[in-house]
Peer 1: 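One structure is given below, represented as structure tokens, and several questions about it will come after.
Below, all heavy atoms of this structure are taken into account, side chains as well, without hydrogens, waters or symmetry copies.
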Amino acid sequence: MNRRHFFHSLGVAASGLALPAWATQAGVSQTSQSVKAEPLFQANPKLTCLRGYRGQDVSCDKAWIEGKIPADLRGDFYRNGPGLFERGGQRYHHWFDGDGMVHAWRFTDQGVSHQARFVRTKKFVAEEQAGEFLVPAFGTAIAPKIPLRSSDTMNTANTNVIKMDDRLLALWEGGSAHAMDATSLQTQGIVSWTPELAGMPFSAHPKVEADGTMWNFGTMMDKVVMYQFSPQGKLVKHHVMTCPRSAMVHDFVVSQKHLIFIFSPIALNMDLLHSGRSMVNSMEWKANESSKVLIVEKADFTKSRILEIPATMLFHFGNAWEDNNVIRLDFVKSEDLSNFNTWMPKIMRGEEVTSEPSTPAFLTIDLNRNKISMTERKDLLEFPRVDPRVVGQRNQFLYYPVAVNKFDNNTLNGVMRLDLESGKTDAYDFGDRCRLEEHVVVPKAGSRKEGEAWLVGVGFDIEKQTSFASVLDAQNLSAGPVALAHLPYWVPHCFHGNFYSRA
């Protein structure tokens, strides 16, 4: 199926350019409401890192180091997240709406530096010139003031950043990747893998195996496009297929032989969308319906099966592996949409609220019998990561930021390693003064064993109102950070990123 057939199969405009469901289906140019002019974000010390910048780039040549950076930890730690939420007295209503800001923490023999630049998307450039929001956002209904020619008109490039073929790719849910220079962080433009794939959705959660093979997907309405790339960054194959309908598919996971997706029972209420609500406020949780598990063969994207589990909400997977035709995988589970469409809008208003718990869950999928079983733990956490050497292979360890004090708004203020074989955990509590982002696993130089690594992430110090990079020994988290690299300023909270070591 080519690009034009893909878009026409979705009932999209005859131009063949893809628009998100919340733009194409709602008639937003006629019906969507304007952003309410609200008082600008009232500073809450605990939420400053969600406040956002006004469009400025920032840098620090030398962070203040507490402790000692390991001699073998050298490379670039890239992060991406929404960094701008306000223009012309208007403020976005949802965390996911902000314009993407890519960060580079560079670990060198001279110390640690930090650099952050906004991704110069078409949207960002146009709104920077106009001084106001011009297009609809995922969680904020805005009447468009410029033509909506494709989903990339609204692309914020704000969710993840990966390195591929010597360039950075800033990624978003519903549109194209944006290329950036890995050194200067200057935006180079939208990436098209082939002419027929131009403008097709490319998700923010690609999976990269140890040999460099990369897999990704994109969804729109009831279609999913799947991609395979070689270790050299060349497109090997792609395929478009019909998938279970869901208004939100954020992540997937790969095992040795399969790609696995879970489609939560989320429906898009078109009447609400037509009335002028945002996509987020038009989503409905169908508790009586099942979640659909789509399993696709890596060797042949046309071969797949669909199984079912009880209704469950998820954003992020950890890893998957299989043996004797049995797949085992993990993800972070929530009960419904509450965190997504209730809690996040409240924190964007500066309110301090208690989020619904998100906890680890584990599936065993027996492909011989088409049966699935699930187990769960009660830890409050998010953003699972594994050692990059075991992506798609059997893993022993999972690493998470975790809510150490469960009574304190379920805030992520610690890090934890879970041993899947023993069930034991190793954790460190940064204390109530800190808020932590995702932490990634960086193998130690010369190591071969899973978990012989550094755990590297970013945090926010509420008391100092500054941000820091943290380095822990992944084999002994309870000992605390071996080093902290403190910035003289705070940076907006990010979603995802990756560390790229130098030889």
Peer 1: Partners of Glu356 by salt bridge (charged side-chain N to carboxylate O under 4.0 Å, His left out), sequence neighbours excluded?
Peer 2: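 Expected list: none.
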Peer 1: Measure from NZ or CZ of Lys237 to the centre of the six-membered ring of Phe301, then state whether that distance is under 6.0 Å and the direction lies within 45° of the axis.
Peer 2: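 Ring-cation test returns yes.
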Peer 1: Using the test salt bridge (charged side-chain N to carboxylate O under 4.0 Å, His left out), find all partners of Glu382 that sit at least two apart in sequence or belong to another chain.
Peer 2: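 Counting only residues at least two positions away or on another chain, Glu382 forms no salt bridge (charged side-chain N to carboxylate O under 4.0 Å, His left out).
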Peer 1: Could you list the residues that satisfy ring pair (Phe, Tyr, Trp, His ring centres under 6.0 Å) with Phe124, not counting sequence neighbours?
Peer 2: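 Applying ring pair (Phe, Tyr, Trp, His ring centres under 6.0 Å) to Phe124 gives Phe118.
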Peer 1: Would you call Glu284 and Lys286 a salt bridge, using N to O less than 4.0 angstrom?
Peer 2: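 Counted as a salt bridge, because a side-chain N and a carboxylate O are separated by less than 4.0 Å.
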Peer 1: With sequence neighbours excluded, what pairs up with Phe331 under the ring pair (Phe, Tyr, Trp, His ring centres under 6.0 Å) test?
Peer 2: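 With sequence neighbours excluded, Phe331 shows a ring pair (Phe, Tyr, Trp, His ring centres under 6.0 Å) to no residue whatsoever.
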Peer 1: Return the set of residues passing ring pair (Phe, Tyr, Trp, His ring centres under 6.0 Å) with Phe96 (not counting sequence neighbours), or none when no residue passes.
Peer 2: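 Testing Phe96 for ring pair (Phe, Tyr, Trp, His ring centres under 6.0 Å), a comparison that skips the adjacent residues, returns His94, Phe340, Phe495.
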Peer 1: Applying salt bridge (charged side-chain N to carboxylate O under 4.0 Å, His left out), name anything that partners Lys122, two or more places apart in sequence or on another chain.
Peer 2: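 Listed in chain order: nothing, the list is empty.
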Peer 1: Under the rule for salt bridge (charged side-chain N to carboxylate O under 4.0 Å, His left out), what residues qualify as partners of Glu308, not counting sequence neighbours?
Peer 2: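 Scan of Glu308 (salt bridge (charged side-chain N to carboxylate O under 4.0 Å, His left out), adjacent residues dropped) gives none.
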Peer 1: Assess the side chains of Asp222 and Thr242: does a donor N or O sit below 3.5 Å from an acceptor N or O?
Peer 2: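 Result is no, nothing qualifies.
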Peer 1: Taking side-chain hydrogen bond (donor to acceptor under 3.5 Å, both in side chains) as the definition, give me every residue that meets it alongside Asp165, ordered by chain and number, with sequence neighbours left out.
Peer 2: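 So Asp165 forms no side-chain hydrogen bond (donor to acceptor under 3.5 Å, both in side chains) with any residue.
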Peer 1: Can you sort out the partners of Glu128 under side-chain hydrogen bond (donor to acceptor under 3.5 Å, both in side chains), two or more places apart, ordered by chain and number?
Peer 2: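 In terms of side-chain hydrogen bond (donor to acceptor under 3.5 Å, both in side chains), with neighbours along the sequence ignored, Glu128 is linked to Arg87.
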Peer 1: List in chain and number order the residues that pass ring pair (Phe, Tyr, Trp, His ring centres under 6.0 Å) with Phe217, two or more places apart in sequence or in another chain; answer none if no residue qualifies.
Peer 2: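 For Phe217, the residues satisfying ring pair (Phe, Tyr, Trp, His ring centres under 6.0 Å) (neighbours in sequence not counted) are Phe252, Phe261.
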Peer 1: My understanding is that only residues two or more places apart in sequence, or in another chain, count here; which of them pass side-chain hydrogen bond (donor to acceptor under 3.5 Å, both in side chains) with Asn319?
Peer 2: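 So Asn319 forms a side-chain hydrogen bond (donor to acceptor under 3.5 Å, both in side chains) with Asn395.
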Peer 1: With sequence neighbours excluded, tell me which residues meet side-chain hydrogen bond (donor to acceptor under 3.5 Å, both in side chains) with Asp61.
Peer 2: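 Counting only residues at least two positions away or on another chain, Asp61 forms no side-chain hydrogen bond (donor to acceptor under 3.5 Å, both in side chains).
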